[in-house]
Amino acid sequence: MFCRMRSYKAKMVEPITLPSREEREAALDAAGYNAFNLDAEDVFIDLLTDSGTGTMSADQWAALMRGDEAYAGSRSFSELRDAVRDVMGFEYVVPTHQGRGAENVVYGVLVEEGDVVPNNAHFDTTRAHVANQGADPVDCPHELAHDADADHPFKGNFDIDAGWELVEEVGEDSIPVVVQTITNNSVAGQPVSVENTREVAAFADEIDATFVIDACRFAENAYFVQQREAEFSDASVAEIAREQLSYADAVTMSGKKDAIVNIGGFAAMNDPELFELAKQRGILYEGFPTYGGLAGRDVAAMAVGLREAVEPPYVGERVEQVAELGRLLTDAGIPVYEPTGGHAVYIDAEAVLPHVPKDQFPGQELVCALYLEGGVRGVELGGFAFPGTDRPDLVRLALPRRTYSREHLEHVAETAAAVKESAASYGGLEIVEEPPMRELRHFSARLEPTEAPSSAD
Ligand code: F0G
């Protein structure tokens with residue numbers, strides 16, 4: 001049984017307030033019923049993302065103060081390089097301003113027009129960077145990936161058969177890179193087994209492709225492996241992380257996740273030729289290779305966070321807190337994707353608001369309802385964020401690292417229960433203004449209720 005107690009105490013606090021119902025209604029209306037347009041100070045519990053929103057440790061703050069701001073040869077870079085070698089096992093590091101910078105650096109040199117790139121499931125920015133090269137990003141998710149109730153320990157896995165089918169269809173020469181995302185953010189944060197990573201490595205090797213791991217949440221993934229993959233039950237999270245990453249030729253990393261910083265990322269690899277190419281592209285888009293678009297202090301804090309992420313009890317407490325939110329929601333009668341993933345709980349919006357037609361965005365309506373009922377901000381991942389797909393409308397509640405307490409989680413569950421209770425008062429939404437690029441519409445589109453929302457408190 002896991003101890004619910006957190007192994008840290010607060011040293012610095014930031015006040016949060018719950019605006020009145022009236023203020024929330026006004027804020028949501030002004031935001032065009034899009035939670036991305038809300039001012040953060042109008043949000044009580046902010047579960048929009050776990051990216052860059054976590055709480056740094058005292059050691060990270062100390063590193064921040066000691067950061068070396070030298071343009072070239074910064075000591076902070078050496079600290080990052082050593083941390084990446086020790087924790088992830090890669091020799092060469094190209095620092096970048098965040099994860100998508102690493103994607104640009106890596107895919108920019110490996111992928112060309114007309115190529116095809118398979119991934120267990122592309123995260124939005126990965127998909128965009130592959131597409132930006134003129135290539136075709138193809139998802140090869142586990143067959144149970146989109147079954148919210150199926151009980152399987154590794155629903156984030158890469159479907160090797162789907163990979164081979166793709167090879168048959170497009171030919172291996174069109175596939176320069178194979179990617180595996182751990183944990184799988186686009187599949188409800190589900191983990192990937194080390195066995196699956198070995199299989200993907202063998203697959204990539206057979207077709208002569210470079211194997212890249214999107215390692216944003218590698219420590220969370222290693223914790224799941226320890227808990228669920230028999231071979232690793234006695235191994236430490238640090239050992240598992242190194243083993244899993246050892247099968248990859250390169251990683252792209254967002255430090256905003258499992259390096260527990262507010263900004264930063266990197267690409268890392270062992271092949272000196274790939275490093276040289278990535279470094280040159282890094283200079284073009286990110287900055288000199290010892291700072292990569294970051295202040296030296298950010299690089300220093302990232303080096304410390306990367307080491308902390310694999311040291312117990314941090315990541316176990318983190319993943320168990322997410323599971324706790326899942327349980328609180330389930331106990332409140334809210335249907336969630338199961339088992340819960342590493343960084344977030346995903347609510348089945350179509351089950352909470354069954355009367356809202358799919359083309360009136362039940363997921364986005366649920367996001368608005370959670371804000372109206374309790375000042376909670378989540379994000380829709382369904383028909384609004386992914387136009388033209390038939391993905392189920394899920395609402396993601398992502399937990400920032402080391403930030404909220406059980407009482408906050410209880411408030412979230414009570415808020416969701418209140419939405420369910422008053423579900424009939426929530427109609428659908430229609431888009432009234434959207435940007436030219438449909439794929440990016442959820443970040444800035446404006447919507448309006450198709451039926452006037454209830455103003456009852
Ligand atoms: N890959 C994955 C799996 C991610 O989840 C993210 C970011 C990125 C790459 C890009 O990293 O933001 O540092 O450029 N995910 C955040 C989220 C934004 O909310 O899930 P970035």
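In each ligand, atom 1 is the first atom listed, and ligand 1 is the first ligand listed. Because only heavy atoms are used, hydrogens play no part in the values below, and waters and symmetry mates are left out as well, while side chains stay in. Numbers here are sequence positions counted from 1.
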Peer 1: Can you tell which of V395, V336, L328, L399 makes a side-chain contact (heavy atoms from CB on, under 4.5 Å) with V345?
Peer 2: V336
Peer 1: Collect the protein residues that have a non-hydrogen atom under 4.0 Å from ligand 1 and hand them over in chain and number order.
Peer 2: T49, S51, Q98, G99, R100, E103, F123, T125, T181, N185, D214, C216, R217, S254, K256, K257, R396
Peer 1: Residues in ring-ring contact (aromatic ring centres under 6.0 Å, His included) with F361, at least two apart?
Peer 2: F384
Peer 1: Centre of Y33's six-membered ring, under 6.0 Å away, within 45 degrees of the axis: is that where NZ or CZ of R446 sits?
Peer 2: no
Peer 1: Before accepting this row, confirm whether a basic side-chain N of the pair K279/E276 lies closer than 4.0 Å to the acidic partner's carboxylate O.
Peer 2: yes
Peer 1: Can a side-chain donor-acceptor contact be found between E320 and Y223 if the only test is distance below 3.5 angstrom?
Peer 2: yes
Peer 1: Less than 4.0 Å between a side-chain N and a carboxylate O, is that true for D59 and R307?
Peer 2: no
